Amino acid sequence: MSKFAHMADVHLGAHREPAMQKLELAAFDEALDRCKELGVDFILISGDLFHVGIPDLTVVNSALRKMMQIKRAGIQIYAIYGSHDYTPTGTSVIDILDTAGVIVNLSKWKLEGGKLRLAVHQDERTGTKLAGISARKIGLESKYYEILDRKTLEDEEGFKVFAFHSGITEFKPEHLREMETLDISSFPKGFDYYAGGHIHQRGEFGVKGYEKVVFPGPLFTGYGRDVEDTARGEKRGFYLVEFDDRIRSVKFSQVEAFGGIYREYAVGGKNAAEVNAELVQDLASIDVKGKVVVIRIHGELAGGRAADIDFGTVKKQLDERGALYIYLNRYSLSSKETSKTFITGEDLSAIERSLFARGVSKIKVSQQELSGEKGAAVATELLRVFRQGSRSNELKKDYRQRMVKDGLQTLKLQGISTDAEK
Ligand SMILES: [Mn+2]
């Protein structure tokens with residue numbers, strides 16, 4: 001019997017706080033060590049290995065050290081780009097790891113007669129055939145699927161795995177209903193396993209022709225919402241797949257992310273002073289030592305401003321009592337006094353989405369790609385690009401230039417670029 005591990009959305013480098021950074025790298029190390037112990041033949045990472053295309057070198061170095069150990073043990077690591085690994089212009093760290101032979105970037109293709117022909121990679125140890133499509137800039141990805149030569153892939157014989165980094169309309173979680181997704185029929189049929197990424201919620205699905213579609217969810221936690229979910233008890237980890245000429249078992253293997261505490265406060269009808277007192281009293285009785293504490297506070301204050309809630313003191317007290325990390329979600333908090341100017345949402349990205357959606361309807365643009373929902377999506381992507389900080393040793397001038405270049409590239413939404421034909 002052969003085995004492979006399927007993970008996704010590792011988001012190395014997502015966290016800035018030292019304690020979380022340490023846990024994030026430790027979770028990756030633990031996952032890869034576990035793969036070795038379990039005797040997997042190969043590891044497949046379905047995108048978002050890193051949180052940004054050009055991550056901090058300390059993070060890369062730590063991950064590389066572990067991946068080299070795995071590689072030396074004879075275990076091949078396959079990967080595709082996720083939406084986060086992708087950089088509009090430059091070369092992503094995934095390319096560098098591929099060039100160095102540490103991982104194999106599965107997503108290689110060429111355009112032939114208007115069709116996208118994917119390369120099929122055969123794993124030496126198991127004979128498994130692997131193909132995949134990386135995430136691309138918003139909108140472009142679905143174009144890739146539109147012109148994908150599915151027939152050739154479907155005709156391929158033997159045990160086959162397809163890696164992708166997109167949401168699927170039929171299997172979309174409710175809270176991501178606004179996310180741009182692909183219909184399952186865009187995928188080539190008949191693969192033994194569809195190794196998904198991008199959806200930060202674990203799920204196993206199947207429909208006729210696509211019997212095993214799996215999203216492992218984040219290996220650790222990428223966004224704030226992931227931190228919340230983990231604190232509420234959501235398990236993190238990867239999938240272990242046993243197979244010979246077909247799938248024999250698909251099991252989830254948990255990787256302990258962190259011990260979490262989740263507290264939710266509905267403050268509707270109270271004033272800021274009352275909420276302050278409640279927070280202090282409630283949190284005083286909880287043992288927070290070594291824990292990640294998530295505080296979600298929502299509702300409309302009857303009096304005082306949201307800013308009158310003294311989170312600084314709350315945080316300080318939890319810090320002093322040994323909390324590992326405190327994550328505060330007050331994105332749905334508003335007050336009667338300020339609600340006119342407030343936009344609330346479940347999390348930061350939801351707020352950004354509604355802001356852009358609201359804003360875009362007020363602007364007149366001639367380009368169709370920049371209006372309506374598409375325009376809001378481009379704005380979101382632009383914000384993601386601009387959020388990337390400068391690299392260590394990068395001159396201000398170079399950083400500025402890179403941002404301008406990346407920004408222009410993001411705004412340019414013409415056809416399929418052929419930069420991946422290599
Ligand atoms: Mn992701």
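Residues take their numbers from the sequence shown, with the count starting at 1. Since we're looking at a predicted model, the values are computed, not measured. Atoms within each ligand, like the ligands themselves, are counted from 1 in listed order.
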Completion exercise
Vertex the Mn ion (ligand 1), ends D9/OD1 and H11/NE2: angle to nearest 10° comes to 110°

Practice task
Return the name of the atom in D48, of element N, O or S, nearest to the Mn ion (ligand 1).
Solution key: OD2

Problem - Heteroatom of H200 nearest to the Mn ion (ligand 1) (N, O or S, atom name) - result: NE2

Exercise for the section: For this output row, return yes or no: ring centroids of F187 and F164 closer than 6.0 angstrom. Expected result: yes

Problem - Face-on cation placement of K212 at Y193 ring, 6.0 Å and 45° thresholds - result: no

Practice task
Cation-pi check, R248 to F243: give yes when NZ or CZ is under 6.0 Å from the six-membered ring centre and within 45° of the ring axis, no otherwise.
Solution key: no

Practice task
Please check if the distance between the ring centroids of Y78 and H121 is under 6.0 Å.
Solution key: yes

